[in-house]
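All remarks here apply to the structure that follows.
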Amino acid sequence: FLRGWTFPGFANAHSHAFQRLLRGEVESSGGDFWEWRSRMYGFTEWDPADYFNHARRVFREMLQAGITAVGEFHYLHAHGNELGVALIDAAREEGIRITLIDACYLRGGLDGSPPGPEQQSFSDGDADSWARRVSELREADGVRIAAAIHSVRAVDPESMRIVATWARDRKAPLHVHLAEQPAEVEECIRVEGCTPTELLEREGILGPDLTAVHAIHVNERDISLLGEHEVNICACPTTERDLGDRVGPMVALCDAGCGLTLGSDSNAAIDMLEEARGVELDQRRATGRRVLHEPEELFSAATVNGMRALGWDAGELRPGALADFVTVQREDAERRDIGLAQLIYTFGGRDVTNVVVGGETVVQK
């Protein structure tokens with residue numbers, strides 16, 4: 001018997017589990033995204049056993065917040081597939097679904113410079129080597145293998161096509177970091193003569209199987225292209241605020257035809273309801289208008305849209321869908337029933353009392 005209100009399990013479409021260690025550790029000395037990144041590199045060296053234990057803690061925190069599937073955007077390749085397998089094993093141990101989104105990362109910038117010393121362990125050397133390594137990973141119950149072009153900075157056009165072909169041949173999800181920082185856009189225009197979005201379109205990467213993470217610094221032409229190709233957009237408001245990433249044109253992207261999904265990214269916070277309302281509240285501050293995203297749209301972003309972007313038939317309570325659901329309850333709730341607006345704007349991960357994944361109870365408070 002479940003007391004409270006029960007909804008489909010939440011999807012976290014974009015996570016870097018290792019960055020959970022940065023929470024509260026990089027909040028002095030100021031700086032911008034690039035200075036944060038230089039400090040982040042100090043947290044990328046892991047022993048597989050330690051990473052397994054760390055990932056278990058992160059995934060347990062996700063489950064306790066009602067997340068039943070996580071997309072782990074993985075580029076720590078110093079041990080070949082060992083750290084990826086550690087993530088898979090940790091997810092299975094805790095009972096959360098995982099889509100391991102293995103990212104190809106080959107260069108230090110659009111100028112073709114090699115990865116810097118702190119990036120060397122991310123690279124397989126070339127895209128064919130990346131593909132051979134990732135092909136050794138195995139899907140299982142609760143496990144999907146997906147692919148990522150880390151970014152237009154880190155992957156050359158020919159290699160982008162190899163990664164996309166690998167994913168599409170297997171009908172696997174494809175993800176990419178897109179236009180998070182103005183410097184990336186400026187460098188792409190200087191080197192390739194087009195924006196990152198236009199570069200992806202030129203190389204045949206855009207499509208409904210693609211999830212573009214962030215998409216903050218995009219212009220009207222970019223928005224039109226992303227919408228025309230029905231690309232999913234993954235917003236990560238708590239991390240984007242933490243990094244000073246500015247506010248992306250989420251309303252325009254959705255109006256153009258993009259599907260909205262959500263991610264915890266650096267795991268500065270792990271709460272998909274906070275991410276959902278964060279999308280809307282950031283838009284309010286950026287535009288001076290209210291209710292640009294209806295509660296139904298935000299709820300779909302946190303559930304069915306995110307699940308589809310990760311390759312799962314879940315996020316809806318209907319016959320045939322995966323039996324993943326979450327129950328929330330709060331003793332001070334004044335209503336006997338709640339709508340989606342109440343769920344998104346008055347509840348959070350702390351209010352989760354029960355989580356079921358695949359019909360099995362994995363959290364019970």
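The first residue of the sequence shown is numbered 1, and numbering continues consecutively from there. Owing to the predicted nature of the structure, the values given are computational and were not obtained by experimental measurement. FYI, side chains are in, hydrogens and waters are out, and symmetry mates aren't considered; it's all heavy atoms of this structure.
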Side chains of residues 210-219: which donor-acceptor pairs under 3.5 Å do they make with residues two or more places apart or in other chains?
unit_1, atom_1, unit_2, atom_2, d
His214, ND1, Glu240, OE2, 2.8
His214, NE2, Glu180, OE1, 3.4
His214, NE2, Asp265, OD2, 3.4
His217, NE2, Glu180, O, 3.4
Asn219, OD1, Arg221, N, 3.1
Asn219, OD1, Asp222, N, 2.7

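A search for side-chain hydrogen bond (donor to acceptor under 3.5 Å, both in side chains) contacts involving Arg202 returns Glu192, not counting sequence neighbours. Every salt bridge (charged side-chain N to carboxylate O under 4.0 Å, His left out) that Arg318 has, sequence neighbours left out, goes to Asp313, Glu316. When the side-chain hydrogen bond (donor to acceptor under 3.5 Å, both in side chains) test is applied to Thr238, the partners found at least two apart in sequence or on another chain are Glu275. Every residue meeting the ring pair (Phe, Tyr, Trp, His ring centres under 6.0 Å) condition with Trp46, not counting sequence neighbours, appears here in chain and number order: Tyr51, His54. Evaluation of the salt bridge (charged side-chain N to carboxylate O under 4.0 Å, His left out) rule for Glu294 yields no partner, not counting sequence neighbours. Shown here are the side-chain hydrogen bond (donor to acceptor under 3.5 Å, both in side chains) partners of Ser113, two or more places apart in sequence or in another chain: Asp111. Take Arg241 and apply the side-chain hydrogen bond (donor to acceptor under 3.5 Å, both in side chains) test, not counting sequence neighbours, and it matches Asp282. Scanning for salt bridge (charged side-chain N to carboxylate O under 4.0 Å, His left out) contacts around Arg132 gives an empty result, with sequence neighbours left out. Taking Arg107 as the reference, nothing meets the salt bridge (charged side-chain N to carboxylate O under 4.0 Å, His left out) condition, with sequence neighbours excluded. Considering only residues two or more places apart in sequence or on other chains, Gln181 meets the side chain to side chain contact (heavy atoms under 4.5 Å, CB included) condition with Phe33, Trp34, Asp245. For Leu340, the side chain to side chain contact (heavy atoms under 4.5 Å, CB included) partners two or more places apart in sequence, or in a different chain, are Phe7, Pro295, Glu296, Phe299, Leu343.
Taking 4.5 Å as the limit, some side-chain heavy atom of Leu292 sits within range of a side-chain heavy atom of Glu280. In this structure, Asp324 and Arg97 have side chains that are in contact, with non-hydrogen atoms separated by less than 4.5 Å. Side-chain atoms of Gln342 and Trp5, non-hydrogen and from C-beta on, never get closer than 4.5 Å to each other. Under the 4.5 Å side-chain criterion, counting only non-hydrogen atoms from C-beta, Leu260 is in contact with Met250.
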Salt bridge (charged side-chain N to carboxylate O under 4.0 Å, His left out) between Glu61 and Arg23: does it pass, once the steps are laid out? CA-CA 14 Å; Glu61 185 177 351; Arg23 190 187 295 179; 3.3 Å; yes
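Classification of Arg57 and Glu94 as a salt-bridged pair fails, no side-chain N sitting under 4.0 Å from a carboxylate O. A salt bridge does not link Glu136 to Arg133: none of the charged side-chain nitrogens sits closer than 4.0 Å to a carboxylate oxygen. With salt bridges taken as basic N to acidic carboxylate O contacts below 4.0 Å, none links Arg308 and Glu230. Taking 4.0 Å as the cut-off between side-chain N and carboxylate O, Asp89 and Arg56 do not count as a salt-bridged pair.
Here the two rings, on Tyr75 and Phe122, have centers that are under 6.0 Å apart.
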